[in-house]
Peer 1: 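Questions regarding the structure given below will be posed in turn.
We're numbering straight along the sequence, starting at 1. From a predicted model like this one, the values you see are computed outputs, not experimental measurements. Values below: all heavy atoms of this structure, side chains included; hydrogens, waters and symmetry mates excluded.
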Amino acid sequence: MKEEGEREVVTPGEVLGKASDVRAGRGAYLASHNNLVYASLTGFRRALSPSPDSPDQRPTVEITDHKAHGAIPEPGSVVIARVTRVMAKMASADIMCVGPKSVREKFSGIIRQQDVRATEIDKVDMHLSFRPGDIVKAIVLSLGDARAYYLSTAKNELGVVSAESTAGATMVPISWTEMQCPLTAQIEHRKVAKIGV
């Protein structure tokens with residue numbers, strides 16, 4: 001048992017307790033496959049007691065950032081991320097902003113093939129949707145496996161918001177699926193975000 005005033009530092013992926021004993025608060029998540037609550041960031045573990053009249057008397061365990069408070073991705077958050085790798089079935093990205101706030105530690109995201117767009121999911125080609133270096137606007141679905149957040153671009157206003165052409169120029173969107181280099185007029189395929197909606 002930790003004495004009051006002594007603070008326990010935890011790291012992402014560390015088990016904080018069983019779901020039957022504690023509730024997941026800020027900086028923690030419940031893994032439904034084994035009903036354990038894990039930390040999703042580095043910081044200090046804190047247990048919050050429920051109010052006496054609450055029907056759920058489990059304490060809420062949360063992680064308070066040991067650094068200055070930065071933004072933390074949570075399910076439903078709109079994020080800006082930079083694509084780092086594109087594979088046949090998914091793309092990985094580094095989350096840079098949650099809403100208008102920049103993050104202060106590294107959060108990884110994964111966009112799976114089925115989460116790229118809302119229609120013709122089986123026909124999605126990841127290499128025609130994203131390229132490494134693209135800046136994408138996405139929504140957080142959940143904290144997935146391997147400490148990466150599952151992201152979705154399956155809405156009109158989500159997708160690539162900024163991309164560089166092979167010539168190094170910032171491309172201009174010309175349709176839902178294409179962007180054009182202003183220098184060479186070369187057209188490249190992307191899952192383009194509709195701006196201004």
Side-chain angles (χ1 to χ4, degrees), residues 11-13 27 29 40-42 65 67-197:
T11 54
Y29 67 97
S40 63
L41 73 158
T42 303
D65 200 349
K67 305 175 190 145
H69 279 288
I72 300 166
E74 293 176 347
S77 304
V78 174
V79 299
I80 300 295
R82 178 183 281 114
V83 176
T84 53
R85 194 170 167 213
V86 181
M87 292 150 277
K89 297 283 186 186
M90 63 183 217
S92 5
D94 289 338
I95 296 171
M96 303 177 340
C97 298
V98 178
K101 296 181 181 176
S102 60
V103 296
R104 301 210 180 167
E105 57 185 289
K106 186 179 175 183
F107 295 107
S108 298
I110 291 171
I111 305 169
R112 298 170 295 184
Q113 185 180 22
Q114 66 264 37
D115 298 323
V116 172
R117 63 185 186 213
T119 57
E120 296 184 312
I121 293 168
D122 54 326
K123 294 182 181 174
V124 169
D125 184 328
M126 296 303 292
H127 295 281
L128 296 180
S129 303
F130 308 107
R131 298 264 178 95
D134 286 358
I135 305 300
V136 298
K137 185 178 184 181
I139 194 164
V140 178
L141 294 176
S142 65
L143 184 61
D145 301 328
R147 299 178 193 170
Y149 289 85
Y150 284 142
L151 307 178
S152 169
T153 56
K155 285 185 179 178
N156 290 347
E157 67 271 23
L158 304 176
V160 177
V161 292
S162 177
E164 269 192 14
S165 68
T166 48
T170 300
M171 293 197 292
V172 179
I174 56 173
S175 76
W176 296 106
T177 57
E178 294 172 325
M179 297 182 100
Q180 188 171 30
C181 173
L183 298 179
T184 63
Q186 182 181 346
I187 292 171
E188 295 184 22
H189 288 277
R190 293 292 196 281
K191 195 291 180 185
V192 180
K194 184 178 180 182
I195 307 296
V197 290

Peer 1: Calculate, to the nearest 0.5 Å, the distance between atoms CD1 and OG belonging to Ile80 and Ser102 respectively.
Peer 2: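 The CD1 atom of Ile80 sits 12.0 Å away from the OG atom of Ser102.
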Peer 1: Heavy atoms, side chains only, cut-off 4.5 Å: are Met179 and Ile174 in contact?
Peer 2: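 No, every pair of side-chain atoms sits at 4.5 Å or beyond.
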Peer 1: Kindly indicate whether the side chain of Lys137, heavy atoms from C-beta on, has any atom under 4.5 Å from the side chain of Thr153.
Peer 2: no
Peer 1: Measuring from Lys194:NZ to Ser175:OG, what's the distance to the nearest 0.5 Å?
Peer 2: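 Reported to 0.5 Å precision, the distance equals 13.0 Å.
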Peer 1: Could you name each residue pair satisfying salt bridge (Lys or Arg N to Asp or Glu O under 4.0 Å) that touches residues 71-92, not counting sequence neighbours?
Peer 2: none
Peer 1: side-chain contact (heavy atoms from CB on, under 4.5 Å), that's the test. Do Val160 and Ile135 meet it? Break it down for me.
Peer 2: CA-CA 6 Å; Val160 177; Ile135 305 300; over 6 Å; no
Peer 1: Roughly how far, to the nearest 0.5 Å, is SG of Cys97 from CZ of Phe107?
Peer 2: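 These two atoms lie 12.0 Å from each other.
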Peer 1: Between Thr184 and Gln186, is there a donor-acceptor pair closer than 3.5 Å when you use the side chain of the first and the backbone of the second?
Peer 2: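 Side chain of Thr184 to backbone of Gln186: a pair is present.
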Peer 1: Measure the shortest side-chain to side-chain distance between Met90 and Gln113 over non-hydrogen atoms and say whether it is less than 4.5 angstrom.
Peer 2: no
Peer 1: Which heavy atom of Thr170 sits nearest to which heavy atom of Ser162, and what is that distance?
Peer 2: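 Here Thr170 and Ser162 meet closest at CG2-OG, 4.2 Å.
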Peer 1: Is the shortest heavy-atom distance from the side chain of Asp115 to the side chain of Leu141 under 4.5 Å?
Peer 2: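 A side-chain contact under 4.5 Å exists here.
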Peer 1: Short question: side chain of Thr84, backbone of Ser92 - any donor-acceptor pair under 3.5 Å?
Peer 2: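 Yes: the side chain of Thr84 pairs with the backbone of Ser92.
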Peer 1: Passes side-chain contact (heavy atoms from CB on, under 4.5 Å), Ser108 versus Asp94? Steps please.
Peer 2: CA-CA 5 Å; Ser108 298; Asp94 289 338; 4.2 Å; yes
Peer 1: Of all heavy-atom pairs between Ser152 and Leu158, which one has the smallest distance, and what is that distance?
Peer 2: O-CD1, 3.6 Å
Peer 1: Whether the side chain of Gln180 engages the backbone of Ala185 through a donor-acceptor N/O pair (distance < 3.5 Å, no angle test) should be reported.
Peer 2: yes
Peer 1: Would you say Pro75 and Tyr29 make side-chain contact, with heavy atoms under 4.5 Å?
Peer 2: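 No, too far: nothing below the 4.5 Å cut-off.
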Peer 1: Taking it one step at a time, do Val98 and Val103 satisfy side-chain contact (heavy atoms from CB on, under 4.5 Å)?
Peer 2: CA-CA 7 Å; Val98 178; Val103 296; 3.7 Å; yes
Peer 1: Taking only residues two or more places apart in sequence or in another chain, which ones pass salt bridge (charged side-chain N to carboxylate O under 4.0 Å, His left out) with Lys123?
Peer 2: Glu120
Peer 1: Establish, for the pair Arg190 and Phe130, whether the NZ or CZ atom is under 6.0 angstrom from the six-membered ring centre and no further than 45 degrees off its axis.
Peer 2: no
Peer 1: Using 0.5 Å steps for rounding, measure from the OG atom of Ser40 to the CD1 atom of Ile72.
Peer 2: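 One gets 6.5 Å once the value is rounded to the nearest 0.5 Å.
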Peer 1: Treating Thr177 as the side-chain partner and His189 as the backbone partner, does any N or O pair qualify as donor plus acceptor under 3.5 Å?
Peer 2: no
Peer 1: Is Val79 close to Ile139 at the side-chain level, that is, under 4.5 Å between some pair of heavy atoms?
Peer 2: no
Peer 1: Taking the side chain as every heavy atom from C-beta outward, state whether Val192 and Trp176 have any atom pair closer than 4.5 Å.
Peer 2: no
Peer 1: Walk me through whether Leu151 and Ile111 qualify under side-chain contact (heavy atoms from CB on, under 4.5 Å).
Peer 2: CA-CA 5 Å; Leu151 307 178; Ile111 305 169; 3.9 Å; yes
Peer 1: Where the side chain of Asp125 meets the backbone of His127, is there a donor-acceptor pair that is under 3.5 Å apart?
Peer 2: yes
Peer 1: Looking at Ile95 and Pro73, what are the two nearest heavy atoms and their distance?
Peer 2: CD1-CG, 4.0 Å
Peer 1: Under a 4.0 Å N-O cut-off, is there an ion pair linking Glu188 with Arg131?
Peer 2: yes
